[in-house]
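First comes the structure, then the notes that go with it.
Bear in mind the structure is a predicted one, so any value in this text is a computation, not a measurement.
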Amino acid sequence: MLGLGLPAAAIGLDICRIPRIKKNLTSPMAARFVRRILTPQEIEMPHTWRYIGYLFSPSEKPKSTSAEKAAEFMAGRFAAKEAVIKAYHLRKLSFHDIVVTYQGYLPTASDKETPSDSPEAGDDSTAQGSGGPPVAIIQSDEAHEKAYARLSISHDGEYAAAVCLTTP
């Protein structure tokens, strides 16, 4: 417990304009922008590749809705990572210290050999369906162990928003 009986939990919140992200994704620097936000592990995840794969694979032709869906997806990831950074305000985190995945892909006690947040874990064809709610994996550093945080990511109109809840 912190002073005044407050629990040692934290909340981070962020909102992002989807058109701002779409502008970046339709520029010649789109792949570079994605690499700045997502880790290499996240880029290779099937549920991520479904939205941004056309930026990295010349054989995948973008569909007419690809830019819109990719912008919505990336705005949600951007907001989620910013929310994590705000919730863990005492740590000096960058986007690459945070992996956003789904709860169903997290390793369990019996999954010690192949972590379920790896690309080999399988496709989440319904985004949240079989994968469960989104979660953040915060990488360890010299002073902190690896941490997991709950996320909520929402999209409406021109905005994507995310909330991160840490647990004590």
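- For Lys81 and Glu42, the salt-bridge test passes: some basic side-chain N is under 4.0 Å from an acidic carboxylate O.
- Arg77 contributes atom CZ, which lies 10.5 Å from atom OG1 of Thr39 (distance to the nearest 0.5 angstrom).
- Between Ile18 and Glu68, every side-chain heavy-atom pair lies at or beyond the 4.5 Å cut-off.
- Residue Glu82 forms a side chain to side chain contact (heavy atoms under 4.5 Å, CB included) with just one option from Ile98, Asp14, Ile15, Ile37, and that option is Asp14.
- The ring-ring contact (aromatic ring centres under 6.0 Å, His included) test with Phe73 is passed by exactly one of Trp49, Tyr51, Phe78: Tyr51.
- Taking each heavy atom of Ala162 and Gly76 in turn, the nearest pair found is CB-O, 4.5 Å.
- Residues Ile21 and Ala71 come closest through the heavy atom pair CG2-O, 3.8 Å.
- The main-chain N or O of Ile137 is never found under 3.5 Å from a side-chain atom of Lys146 such that the two would form a donor-acceptor pair.
- Under the 4.5 Å side-chain criterion, counting only non-hydrogen atoms from C-beta, Leu165 is not in contact with Leu151.
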For side-chain contact (heavy atoms from CB on, under 4.5 Å), just list the numbers for Leu55 and Phe33, CA-CA rounded to whole Å, side-chain angles, deciding distance to a tenth of an Å, and then say yes or no.
CA-CA 10 Å; Leu55 295 171; Phe33 172 75; over 6 Å; no
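- Using bins of under 30°, 30° to 60° and over 60° for the plane-to-plane angle, the ring pair Tyr102/His47 lands in the perpendicular bin.
- Side-chain contact between Tyr148 and Leu106: present, with at least one pair of heavy atoms (C-beta onward) separated by less than 4.5 Å.
- Between Ala160 and Ala79, the shortest heavy-atom contact is O-CB, 4.1 Å.
- In this structure, the side chains of Arg35 and Phe95 stay at 4.5 Å or more apart for every pair of heavy atoms.
- Counting heavy atoms from C-beta outward, Tyr88 and Leu93 have side chains that approach closer than 4.5 Å.
- Counted within 6.0 Å of CZ on Arg91, heavy atoms from surrounding residues, nucleotides or ligands total more than 12; the atom is thus considered enclosed.
- The line from CD of Gln139 to CD of Glu145 is 13.0 Å long, rounded to the nearest 0.5 Å.
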Pair Lys23-Arg20, side-chain contact (heavy atoms from CB on, under 4.5 Å): steps then yes or no
CA-CA 5 Å; Lys23 183 178 177 184; Arg20 187 184 94 194; 5.8 Å; no
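- In plain terms, the two heavy atoms of Val99 and Gln41 that are nearest each other are CG2-OE1, 3.7 Å.
- Side-chain contact between Arg150 and Gln103 is present, with at least one heavy-atom pair separated by less than 4.5 Å.
- No donor-acceptor distance shorter than 3.5 angstrom exists from the side chain of Thr166 to the backbone of Ala9, with no hydrogens or angles considered.
- Within a 6.0 Å sphere centred on CZ of Arg17, other residues, nucleotides and ligands contribute more than 12 heavy atoms.
- Between Ala67 and Tyr54, the shortest heavy-atom distance links the atoms CA-OH, 3.6 Å.
- In this structure, the side chain of His155 engages the main chain of Glu72 through a donor-acceptor pair within 3.5 Å.
- Counting only heavy atoms from C-beta outward, the side chains of Pro134 and Thr101 never approach each other to under 4.5 Å.
- Met74 places a side-chain heavy atom less than 4.5 Å from the side chain of Leu25.
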One pair to check against side-chain contact (heavy atoms from CB on, under 4.5 Å): Ile11 and Cys164. What are the steps and the verdict?
CA-CA 6 Å; Ile11 298 172; Cys164 173; over 6 Å; no
